[in-house]
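Comments concern the structure below.
In the text below, chain A, chain B and the rest are named by the order of the sequence lines, each starting its count at 1. Just so you know, these numbers come straight off a predicted model, no measurement behind them.
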Number of protein chains: 2
Amino acid sequence: MNRQATNGGHADGTVGKALDVMDRVAAKGRPARFAELLAESDHPKATLYRLLQTLTSQGMLIYDETRQTYAPGLRLVRLAHAAWQQSSLAPIARPFVDALSKQVGETIHLAQMDQGQVLYVDKRNARRPVEMFSEAGKIGPGYCTGVGKAMLAFLPPDDREKAVNMQSFFAHTSRTLTTPEALTQELAAIRAAGISFDREEHEQGIICIAAPILSSARRVMGGLSITASTQRNTLDGLARLRPALTETAHKIAGAAENWQFPD
Amino acid sequence: MNRQATNGGHADGTVGKALDVMDRVAAKGRPARFAELLAESDHPKATLYRLLQTLTSQGMLIYDETRQTYAPGLRLVRLAHAAWQQSSLAPIARPFVDALSKQVGETIHLAQMDQGQVLYVDKRNARRPVEMFSEAGKIGPGYCTGVGKAMLAFLPPDDREKAVNMQSFFAHTSRTLTTPEALTQELAAIRAAGISFDREEHEQGIICIAAPILSSARRVMGGLSITASTQRNTLDGLARLRPALTETAHKIAGAAENWQFPD
DNA sequence: TCAGAGAGTTCCACATATTGAAACTCAATT
DNA sequence: AATTGAGTTTCAATATGTGGAACTCTCTGA
């Protein structure tokens, strides 16, 4: 057997299998029955059964006896709190994101790359107060969002190619880029421009301008975007926010690089 | 070997051990070195090493090569999003919590029990906008918080006793209850009153009134609290909010029981 | 009322993944 | 050059996990 180095694919060891199952349950988006999971899984009945039992006994899953369904457990929420605090840009970026939010008055997203997808780690909404986990922790596609493209564009060539091929292209709107070639070309343009736009590629009527957050060594640390609806703003209007956006991105990068956990 | 039935203690199987390690890393609250973890762990060097490798390759941990430290990984944030949405009361309770927040204008906490501790799943802050994960996902002690005591009080006797003995009593303030006996007595009083108070037991100057969220079968689903500082309010003042608090708790319970995931 | 189907659970001989003492590498000290 | 300590690798022993098959329920329909 081989042992995956950087993950991306799946399953090394029992732990890997168990976590695969976790992912599957989480991905369902609602409590799942044993049979459902069995159908999608390539594990034999008994194996899957035992994995579910183990995960449940560990609090990683919650089993609803009356409905006979499995759902992700609260232990995850606990663990994620630590992850968000320690490993995401959000805590460090907060003051800068706050400031940007106040300044531009539009919706702000702070995101990081996770397995070729966009993982939103923080958000400021123009109107309603922050929407907790329902936004932080949410994932989005890499190929048709502003932050996604901004981050992909500045990945090292190999990683970028790998990530591009990991995308599962779907035409959310008529403007969505739906081929690796189109995306690759767009990414080159973004690299040249230093900034990316979402021209209603993900959702009709939603546009955004996004910038990568790059370390001094030009490593992609995350992405930052300003989103608006076509009713309230235009691409040109967003383009005018570019200085504020990139400046904030730089500040975040600087803060993140200098950050050391207090001894 | 035995196989733990309901968790609470630890480690069944390899998966259990791996998750133990996860917990340890998360608990450190900052990136941890191998040696640190080794010192605290009762696994031999090589074993711990492999577990860390597996977890890292799975994205459950992030390894910082230059500093040689492990931290919880972003994969957790993703999984937790699903957990929070599906298994916590927060999404269902949101409208009610919003309404209560608007009505009373003080800080609101929505919490659930997790391994004898209080896990905050949502929060509304009177002044500043919500503080994201830094609050949702945070854990607190069960024996000296309003929500903690409210939930403990209404647990079935056996579970309650177990939970009481799971508390690691520490005198945060001069008013903290520091013995199982004192707590048990307080819980009886709370059960009689139907409501609990935190009389600066956890933090000097912070008081709160809390109610359990009970299913129609009287199972504890969670807890809801209104918090204030002694500068802004008094216990009597909070006591006047009791109707609003309990009514909201009832509404949440009702909504949660009727909730079905759409087919 | 009873056969049949489907979901969930248990069993156990077998195979593999996990174990951990010990040996090793690679700095940083002394 | 010798020493120490952190981190990494090896490998035989074996504890753990595997999965086909058999079993138990609980429905469903004749």
Distance check needed: [N] [atom2] versus [X] [atom1], whole Å only.
| X | N | atom1 | atom2 | value |
| --- | --- | --- | --- | --- |
| B:F34 | C:dT25 | CZ | C1' | 15 Å |
| A:Q68 | C:dG6 | CD | P | 17 Å |
| A:L37 | C:dT9 | CG | P | 12 Å |
| B:L52 | C:dG20 | CG | C1' | 15 Å |
| A:L48 | D:dG20 | CG | P | 13 Å |
| A:H43 | D:dT18 | NE2 | C1' | 11 Å |
| A:Q53 | C:dC11 | CD | P | 12 Å |
| A:D64 | C:dG8 | CG | P | 13 Å |

hbond_proxy [X] side chain to [N] base (donor-acceptor, 3.5 Å cutoff):
| X | N | answer |
| --- | --- | --- |
| A:K17 | D:dG17 | no |
| A:K45 | C:dG8 | yes |
| B:R50 | C:dG20 | yes |

Notebook entry, point to check: Mapping A:R33 and B:P44 to their closest nucleotides on DNA chain C, which lands nearer the 5' end?
Noted result: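 Here A:R33 is the residue nearer the 5' end.
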
Check: For A:V15 and A:E36, take the nucleotide of DNA chain C holding the closest heavy atom to each; which residue's nucleotide lies nearer the 5' end?
Finding: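 That would be A:E36.
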
Next item on the list: Indicate whether OP1 or OP2 belonging to D:dT9 is found under 4.0 Å from a side-chain N or O atom of B:Y49.
Entry: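 For D:dT9, OP1/OP2 do have a side-chain N/O of B:Y49 under 4.0 Å.
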
Notebook entry, point to check: Do A:R75 and B:D23 meet the salt-bridge criterion of a basic N to acidic O distance under 4.0 Å?
Noted result: yes

Next item on the list: Pick base, sugar-phosphate or nothing for B:A35, based on heavy-atom distances below 4.0 Å to the nucleic acid.
Entry: sugar-phosphate

Note to self: What contact category does B:T14 fall into here, base, sugar-phosphate, or nothing, at under 4.0 angstrom with non-hydrogen atoms?
What the structure shows: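 Touches sugar-phosphate only.
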
Item checked: Parallel, tilted or perpendicular: ring planes of B:Y120 versus B:H109, cut at 30 and 60 degrees -> tilted

Notebook entry, point to check: Which of parallel (below 30°), tilted (30 to 60°) and perpendicular (above 60°) describes A:Y70 and A:Y63?
Noted result: tilted

Check: Rounded to the nearest 0.5 Å, what separation is found between the CG atom of A:L79 and the NE2 atom of A:H81?
Finding: 11.5 Å

Note to self: By nearest atom, which of the nucleotides D:dT9, D:dT8, C:dT19 is closest to the B:A46 side chain?
What the structure shows: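 Closest nucleotide among those given: D:dT9.
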
Notebook entry, point to check: Any donor and acceptor pair, going by atom type alone, linking the side chain of B:Y143 with main-chain N or O of B:F170 inside 3.5 Å?
Noted result: yes

